[in-house]
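This is a predicted model, so every value here is computed, not measured. Letters A, B, ... are given to chains in the order of the sequence lines, protein chains preceding strands, and every chain is numbered from 1.
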Amino acid sequence: MSENCKKPYYITTAIAYTSGKPHIGNTYEIVLADSIARFKRLEGYEVFFQTGTDEHGQKIELKASEANITPKEYVDRVAEQIKSIWDLMNTSYDKFIRTTDSDHEKQVQKIFRRLYEQGDIYKGYYEGMYCTPCESFFTSSQLVDGKCPDCGRECVPAKEEAYFFKMSKYAQKLIDHINAHPEFIQPESRKNEMMNNFLLPGLQDLCVSRTSFQWGIPVDFDEKHVIYVWIDALSNYITGIGYDCDNNSTKQFKTLWPADLHLIGKDILRFHTIYWPIMLMALDLPLPKQIFGHPWLLQTDSSSKEAEGVKMSKSRGNVIYADKLVELFGVDAVRYFVLHEMPFENDGVISWELITERFNSDLANTLGNLVKRTISMSNQYFGGIVEQTEVKEEIDEELILIAEQVAQKTVAKIEQLKVADAITEIFALFKRCNKYIDETMPWKLAKEESLKPRLAQVLYNLTEGICIGASLLAPFMPETSEKILSQMNSKARTIDELHEFGKFVSGTKVAENPEALFIRLDPKKILEQVKEKNEEKIKEKIEEKKETEINLERKPEITYEDFSKLQFQVGEIIACEEVKKSKKLLCSKVKIGSEIKQIVSGIKAWYKPEDMVGKKVMVLVNLKPATLAGIVSEGMLLCAEDENGKLALMTPENDMPSGAEIC
RNA sequence: GGCGAAGUAGCUCAGUUGGCUAGAGCAUACGGUUCAUACCCGUAGUGUCGAGGGUUCAAAUCCCCCCUUCGCUACCA
């Protein structure tokens, strides 16, 4: 393939939101994308790999004002931090786009205007309950006990002039596209979720502007509006490579678009498989070829059972940061671990024991030791010279066959985005090399001068096998690959040079004192170090807890008259059972004075029915009855709620009779 | 509640359209070897393939029902 007719390959990650430091879960995505990008380069594609940051929105505006700096200063800081972690992970992105880049901003304005002018965007009103931290509107039916269904915080009623995107107009076209291209959404199981939950029931129009904050790209023909995240963030995939909606797109755009792969977390699949394709349709652009919603890396923490299989998130305080891992294990080990341990469809598990185990067995034993023993034999027996002598034996053939096939096997796995399996293929070669050493027993050959030529060939075969493996390893563990090849005094090869065994230059002298690639770790010591860190973390958590305060946005003032409309009484729970049809509801019989009311409440997660019975609780008794999950509820049990959404029933401090008025 | 996924050796998982004594890696035990980072190679396993029923000459694999877990979604006064 000549230089100028290389096939393009355009891959992107989601852009990271600059509200804080990214954890290992975010980092997984960039490493995954990087390994695919590097692999495609190895295959001879002209790869363009784009990542970046999503830097607008109210949350950032808030954080910046808390820190007493401008939003731009704030995002500059975080973007730099994110970039430095991407660099720490040795990722080879070609472009780091920021949504505050001026060319991006300009283009987004033009896109918005065009969609408005062609009638896909119209002006309307958004009415509903608004959650400030989440920057989201909800219908009152979506709220959980009047709180935000995402974060559990207070919502306020709001009405906002806003622009809407007519999603429904393109829905059928998108359904047809998804049906015609089964590979479009990966893994395929996600396709059903999108179809069944959103597309088939009918798409709602999407609100694409906000007036409640300023930190965003203004709508240029209606300055009080700011373009909301969808059009702003998603467009990065085209603005980053030079799209222009007045038909002045760059050559780069024309070459690269449509993207070959959008790599994203499974949580934002909906935006990428529904809103983004529809936006593209409206712009009359082809759709990306594939969108892969990768699973999560879940952390199991040996020191606390409850943390098992819990998604990492800052609010849960169970975050493992990439730099800490790198400190303990090194970049390539972390890359290896996240790539190897992450399955294709289900969530992967990360724990200190697992990392240490993999590190020792795969990296130190299988790979590191193989390289070391091979090189040391070459030095011991031949002064470091690795030479072909053509003294071949049948026993060589299996090794050679595996070595010659490993490249194409790996290519096939990457084709399916099965990166973990690709790595396993490469390690199968290293394992075969170790076995080959036992089969040929070089130390025995070394004892007889007449067998030296055979010994030389054996070591050549090993060296060549290792070099093939190391070349293929480059996309996944770039530094290790380079180290091995440099110890072998050899060069990285392209895929095409890996199908044939014997390209290692005969007569090459290998390193005299090769450095061990991975030193075995003592799992006990690692666990001790982790324990120390955990204890620190727990202390921090406790301190944090002490300081936790919940501040709600004030609702409008009410009069005593308003208040007196509400009637609260003490009720005694005399019976309680689960509402079978629902996941969150308990149905209680509450005795209020002589009256017995049936009340349904969303507290199943915190209270067992048997624990409810006998409790005296605070009841709002004159609330209009409503039907929940088919059951009539005639009031409301009052609860306090913490920052994690945990509920606690309100009970009188001293025993009070059932029916006592609360005033 | 709707839609979907999963439940296989101690652990992480493979098991194509049903077919011979159910597999891999790690961990475990034993044996071999010594070039090497207590390493490598070999052997050995253990499994009511979530429970029950059915179809079949034959089911981990198909059908029914149930249990458990998970994902998306709805409801959640």
Side-chain angles (χ1 to χ4, degrees), chain A residues 140-147 149 187-198 200-201 266-267 269-270 293 295-296 298 300 309 311 340-341 343 345-349 351 353-354 356-358 360-381 420-421 424 427-428 430-446 455 458-459 462 514-521 523 579-586 599-605 619-620 622-639:
Chain A
S140 34
S141 68
Q142 281 177 307
L143 300 183
V144 180
D145 298 332
K147 307 281 168 60
E188 215 183 320
S189 57
R190 299 280 156 194
K191 187 177 103 179
N192 300 325
E193 290 181 3
M194 296 306 133
M195 278 288 200
N196 295 337
N197 292 320
F198 302 105
L200 298 179
K266 64 182 186 182
D267 56 331
L269 212 72
R270 172 166 148 196
W296 294 113
L298 303 181
T300 57
K311 184 179 156 187
H340 182 262
E341 224 50 35
E345 194 150 346
N346 303 108
D347 289 334
V349 174
S351 76
E353 288 95 332
L354 276 173
T356 313
E357 199 178 289
R358 286 259 92 88
N360 284 341
S361 76
D362 297 358
L363 300 182
N365 295 353
T366 302
L367 176 58
N369 187 49
L370 169 68
V371 174
K372 183 84 179 282
R373 68 198 295 212
T374 302
I375 292 179
S376 85
M377 282 191 281
S378 287
N379 278 304
Q380 236 167 291
Y381 305 139
D421 294 351
T424 303
F427 272 72
F430 294 135
K431 287 189 177 188
R432 191 63 189 77
C433 287
N434 273 322
K435 194 172 163 185
Y436 180 75
I437 295 179
D438 266 52
E439 287 169 346
T440 53
M441 292 186 281
W443 50 92
K444 276 197 178 166
L445 300 174
L455 175 59
V458 165
L459 289 175
L462 276 171
E515 169 205 357
L517 297 170
F518 301 96
I519 312 283
R520 282 178 62 84
L521 300 169
V579 177
K580 294 223 166 119
K581 282 183 182 174
S582 139
K583 286 178 193 164
K584 299 185 183 173
L585 302 182
L586 291 183
I599 297 177
V600 178
S601 1
I603 53 175
K604 196 159 154 181
V619 186
L620 174 58
N622 62 337
L623 190 64
K624 186 180 172 189
T627 307
L628 300 176
I631 297 177
V632 177
S633 181
E634 306 167 303
M636 182 170 174
L637 303 185
L638 298 185
C639 289

Determine the interatomic distance between C1' on G10(B) and the same-named atom on A29(B); round to the nearest Å. 14 Å
With a 3.5 Å limit on both atom pairs, tell me what G4(B) is paired to, counting Watson-Crick and G-U wobble, or say none. C70(B)
Applying a 4.0 Å non-hydrogen cut-off, can you work out what F427(A) is touching in the nucleic acid: base, sugar-phosphate, or nothing? nothing
dist T440(A):OG1 -> L455(A):CG (nearest 0.5 Å) comes out at 8.5 Å
To the nearest angstrom, the CZ-P distance between R432(A) and C41(B) comes to 10 Å
P gap between A27(B) and C64(B), integer Å: 42 Å
Roughly how far apart are I437(A) CD1 and L459(A) CG, rounded to 0.5 Å? 8.0 Å
For U61(B), the Watson-Crick or wobble partner whose two distances fall under 3.5 Å: none
Starting at CE of M441(A) and ending at P of G42(B), how long is that distance when rounded to a whole Å? 13 Å
Need the pair for G23(B). Rule: Watson-Crick or G-U wobble, both distances under 3.5 Å, any strand; none if unpaired. C13(B)
Complementary nucleotide for C75(B) - Watson-Crick or wobble, under 3.5 Å: none
What distance, rounded to whole Å, do you find between the two P atoms, one in G71(B) and one in C20(B)? 36 Å
Within the 4.0 Å heavy-atom criterion, would you say K431(A) contacts the bases, only the backbone, or no part of the nucleic acid? sugar-phosphate
Protein-nucleotide distance (Y436(A), atom OH; C35(B), atom P), rounded to Å: 18 Å
Starting at atom CD of E193(A), determine the distance to atom P of G4(B), rounded to an integer number of angstrom. 11 Å
How far does CG of L637(A) sit from CD1 of I599(A), to the nearest 0.5 angstrom? 5.0 Å
Atom CD1 of I599(A) and atom C1' of C76(B) are separated, to the nearest Å, by 15 Å
Describe the nucleic acid contact of T366(A) in one word from base, sugar-phosphate, nothing, applying a heavy-atom distance below 4.0 Å. sugar-phosphate
For N365(A), report the nucleic acid contact type (base, sugar-phosphate, nothing); a contact means any heavy atom under 4.0 Å. sugar-phosphate
Mind checking the P distance from G32(B) to A24(B)? Whole angstroms is fine. 24 Å
Side-chain N or O of R373(A) closer than 4.0 Å to phosphate OP1/OP2 of U34(B): no
Between I437(A) and F430(A), which has a closest nucleotide on RNA chain B that is more 5'? I437(A)
If we take the C1' atom in both C66(B) and C30(B), what is their distance in whole Å? 44 Å
With both distances kept under 3.5 Å, what pairs with C40(B), Watson-Crick or G-U wobble? G32(B)
Write down the partner of C49(B) under the Watson-Crick or G-U wobble criteria, each distance required to be under 3.5 Å. none
CG of L370(A) to OH of Y436(A), rounded to nearest 0.5 Å, is 12.5 Å
R520(A), nearest nucleotide to its side chain (from C40(B), C72(B), U37(B)): U37(B)
Does G42(B) have OP1 or OP2 under 4.0 Å away from a side-chain N or O of K435(A)? yes
Can you tell me the distance, in whole Å, between the CG atom of N360(A) and the P atom of U37(B)? 15 Å
Separation of W443(A) atom CH2 from C40(B) atom P, in whole Å? 13 Å
In whole Å, what separates the P atom of G31(B) from that of G50(B)? 36 Å
Find the distance L521(A):CG to U37(B):P and express it as a whole number of Å. 16 Å
Below 3.5 Å, does any donor atom in the side chain of D438(A) face an acceptor in the base of G32(B), or the other way round? yes
Classify V371(A) by what it touches in the nucleic acid, base, sugar-phosphate, or nothing, heavy-atom distance under 4.0 Å. nothing
Measure from the side chain of A516(A), starting at C-beta and using heavy atoms only, and say which of C40(B), U37(B), G71(B) lies closest. U37(B)
For A36(B) and C40(B), measure between their C1' atoms and round to the nearest Å. 8 Å
Which residue, I519(A) or S361(A), contacts RNA chain B at a nucleotide closer to its 5' end, judged by nearest heavy atom? S361(A)
Side-chain (T366(A)) to main-chain (S361(A)) donor-acceptor, under 3.5 angstrom: yes
Could you check whether L269(A) gets within reach of a base, just the sugar-phosphate, or nothing at all, counting any heavy atom under 4.0 Å? nothing
Quick check for you: among C35(B), U37(B), G25(B), whose closest atom lies nearest to any side-chain atom of K372(A)? U37(B)
Is it the case that the base of C72(B) and the side chain of N197(A) share a donor-acceptor contact (distance under 3.5 Å, atom types as modelled)? yes
Working to the nearest 0.5 Å, report the span between CZ of R520(A) and CG of N365(A). 4.5 Å
CG on L462(A) to CZ on R432(A), rounded to 0.5 Å: 10.5 Å
Mind checking the C1' distance from A74(B) to U61(B)? Whole angstroms is fine. 34 Å
Non-hydrogen side-chain atoms of H340(A) and D362(A) separated by less than 4.5 Å: yes
